[in-house]
Every structure is written in structure tokens, then in C-alpha cells.
Engineer: 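Have a look at the structure that comes next, please.
Because only heavy atoms are used, hydrogens play no part in the values below, and waters and symmetry mates are left out as well, while side chains stay in. Numbering starts at 1 and runs along the sequence shown.
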Amino acid sequence: MASASGIAPMPTVAVAARRRLAQPATVGILPPGSEGAPVIYPGKAPPRLPWPDIGHLAKWSVSSFKFGFGPECLTDDDPDTFWHSSSSDGPQPHFITIEFPRKVSVQKVSIYLSYPLDDSYTPATISVRAGMGTVDMQELRLISVDKPNGWVTFDVCMEPSEDGDGFKHIDVYVLQIHIVNNHMNGKDTHVRGVKVLGPLEQKLKAYEEPFPFVNPAFKMFECVR
């Protein structure tokens, strides 16, 4: 049995985080095909996406597991292994805790689920929560999937980005994935893989400066006269 270990949050940082996470966001289930709704990439192999995988930076733990089916199965890149929760060792909802050593930016989460293989062990409703520590978690997304078979990928925040293209990322220390319920009201759950994806890196154009002069006192020396 394993349990999610907590990180004692710094009061000042926690307050700043709550302000960051408290911005307007849609916490609810979106109909398939609508903007922001989860996208399912079929196949066992993780989809090749432009967003960088930052999950290797974190410490992973789960609310409970059966021997041989622990949190390591979530990140081993083997689609034939899976995390198997244990209702006898921990109550529902079962959850995954992803703790980063420093504040990171998270854009999307991709979860491999297979209803044909796992049947009633397959999650049906998933809640994504985030915060500075396990004591100040706030729900960001609530998604529902019907008999998925592939990598369920979605943005963790539903607040539109400043340029109107896509959604904003969030800055957190801890991310949690809660399995609210399973198909056919199954008690235990199977999750075969999880990817935590960061935001796209901004690439400078040929004529753009990596450190532009923005202060008037410095802009005086921007050009050689």
C-alpha cells in the first residue's frame, strides 16, 4: 500500500497560487466535439504531440495499489502494464498525485485508458486538481469519457489564452488526477499511462531579440547612432 505524501506549502506562495488558480475557468463536462473537450488518440503508443513531456521531473504516488501494479506503471511507457488501485487499502475516489520539486507550467494531461481491456475498471469521470500542496488543491477540470480506448488528452485549464489561440497553462507544484467513478460503477480502477505536458516554447523569429529593450532608459541605447 502507498499513500500520497504531502508537501507543506509556504503561506505566501499558497496565497499567490490561489489567486492564480481562482481565475475564471470552466469546471464541468463538455460535450464531445466542443472546443476544449477531450481528444482521444487511438492506439497504445503515446501520440506525438508538440507539447513537451515534463512528467519525468515529478515524484509520482497513488492513493493505493495492488502489489506489482504501483505508480511506476504510469510512467514506464509500457501500455501492457497499469496502475491497479486497491479498494481494500484506500477508499474511493482513487487518485494519482504528481509532485514537482519546483513550480512548473502545465498545459495538458494525456491519460491512456482502454475499455476493451479493462472493462469496469476503466475510469468514466476524471477530475484534475492542482495547487501549491496537497492541502490547497482546487478542481480545474472535470471530464467524462464513454468506453475510451486510447490516449485521452485535454487542457487542464479552460481559461482562454491572451492571444485567443487555445487555453492558458497553469503554474503549480502539485497536480492530482482523481478517478471520480468507473464504468459500470466499478470499485477499483486501471490506468495504463499518464503524460503531463508543458506549454509550447515560444520560438523567436530571425529578427526578434531574445532580451528586448523595454525600459525607456535602455531603449536610448537600442540602436547605434
Side-chain angles (χ1 to χ4, degrees), residues 20-58 60 62 71 74-75 77 79 82-83 93-100 104-115 118 121-131 137-183 189-201:
R20 174 69 181 89
L21 295 173
Q23 296 181 7
T26 301
V27 179
I29 298 174
L30 297 175
S34 62
E35 185 178 7
V39 177
I40 300 180
Y41 296 90
K44 291 184 176 182
R48 294 186 177 182
L49 300 174
W51 298 277
D53 182 4
I54 60 174
H56 63 281
L57 302 174
W60 294 65
V62 292
L74 297 169
T75 58
D77 291 327
F82 51 86
W83 163 51
H94 307 295
F95 57 88
I96 303 164
T97 302
I98 307 165
E99 302 173 81
F100 292 93
V104 298
S105 298
V106 178
Q107 182 73 55
K108 293 177 179 284
V109 170
S110 189
I111 307 173
Y112 178 38
L113 305 175
S114 179
Y115 180 81
D118 299 322
Y121 291 93
T122 309
T125 306
I126 298 172
S127 169
V128 176
R129 306 176 185 184
M137 307 298 288
Q138 296 187 38
E139 185 175 72
L140 299 176
R141 285 298 304 269
L142 183 68
I143 69 164
S144 179
V145 289
D146 182 28
K147 299 180 180 180
N149 188 24
W151 289 84
V152 181
T153 306
F154 53 92
D155 288 272
V156 295
C157 178
M158 289 301 295
E159 183 182 354
S161 60
E162 294 179 357
D163 58 7
D165 184 15
F167 301 96
K168 286 186 176 182
H169 61 264
I170 58 168
D171 299 321
V172 298
Y173 278 92
V174 182
L175 196 70
Q176 278 189 344
I177 301 172
H178 285 240
I179 310 303
V180 180
N181 57 57
N182 298 313
H183 283 73
T189 192
H190 288 181
V191 176
R192 293 178 173 267
V194 176
K195 299 289 183 183
V196 180
L197 308 177
L200 293 174
E201 297 181 359

Engineer: Please report the shortest heavy-atom distance between Pro38 and Phe154, naming the atom on each side.
Structural biologist: CA-CB, 4.0 Å

Engineer: Any sub-3.5 Å donor-acceptor pair from Glu162's side-chain atoms to Lys168's backbone N or O?
Structural biologist: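 No, Glu162 side chain to Lys168 backbone: no donor-acceptor pair under 3.5 Å.
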
Engineer: Are the side chain of His178 and the backbone of Arg129 linked by a donor-acceptor contact shorter than 3.5 Å?
Structural biologist: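 Looks like no, no N/O pair under 3.5 Å.
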
Engineer: Please tell me if the side chains of Trp151 and Pro46 come closer than 4.5 Å, counting only heavy atoms from C-beta onward.
Structural biologist: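 Yes. Closest side-chain heavy atoms under 4.5 Å.
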
Engineer: May I ask you to decide if Asp155's main-chain N or O and Arg141's side chain share a donor-acceptor pair within less than 3.5 Å?
Structural biologist: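 Yes; at least one donor-acceptor contact below 3.5 Å.
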
Engineer: Taking the side chain as everything from C-beta on, heavy atoms only, tell me whether Leu142 gets closer than 4.5 Å to Ser127.
Structural biologist: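 The answer is yes; the side chains approach within 4.5 Å.
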
Engineer: With sequence neighbours left out, what residues match Lys44 under salt bridge (Lys or Arg N to Asp or Glu O under 4.0 Å)?
Structural biologist: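 Expected list: Asp80.
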
Engineer: With sequence neighbours left out, what residues match Pro52 under side chain to side chain contact (heavy atoms under 4.5 Å, CB included)?
Structural biologist: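 Result, side chain to side chain contact (heavy atoms under 4.5 Å, CB included) vs Pro52: none returned.
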
Engineer: How are the rings of His190 and Tyr121 set relative to one another: parallel (under 30°), tilted (30 to 60°) or perpendicular (over 60°)?
Structural biologist: parallel

Engineer: Quick one: does any side-chain atom of Arg192 pair with a main-chain N or O of Pro79 as donor and acceptor, under 3.5 Å?
Structural biologist: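 Flag set: sc Arg192 to bb Pro79 pair under 3.5 Å.
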
Engineer: Are the side chains of Val109 and Leu175 in touch, meaning some heavy atoms are under 4.5 Å apart?
Structural biologist: yes

Engineer: Measure across Pro199 and Val106 and return the closest heavy-atom pair with its distance rounded to 0.1 Å.
Structural biologist: CD-N, 4.4 Å

Engineer: Looking only at atom types and distance, does a side-chain atom of Trp60 sit under 3.5 Å from a main-chain N or O of Gly55, one as donor and one as acceptor?
Structural biologist: yes

Engineer: Are any of the side-chain heavy atoms of Ile98 and Phe100 separated by less than 4.5 Å?
Structural biologist: yes

Engineer: Heavy atoms, side chains only, cut-off 4.5 Å: are Leu113 and Ile126 in contact?
Structural biologist: yes

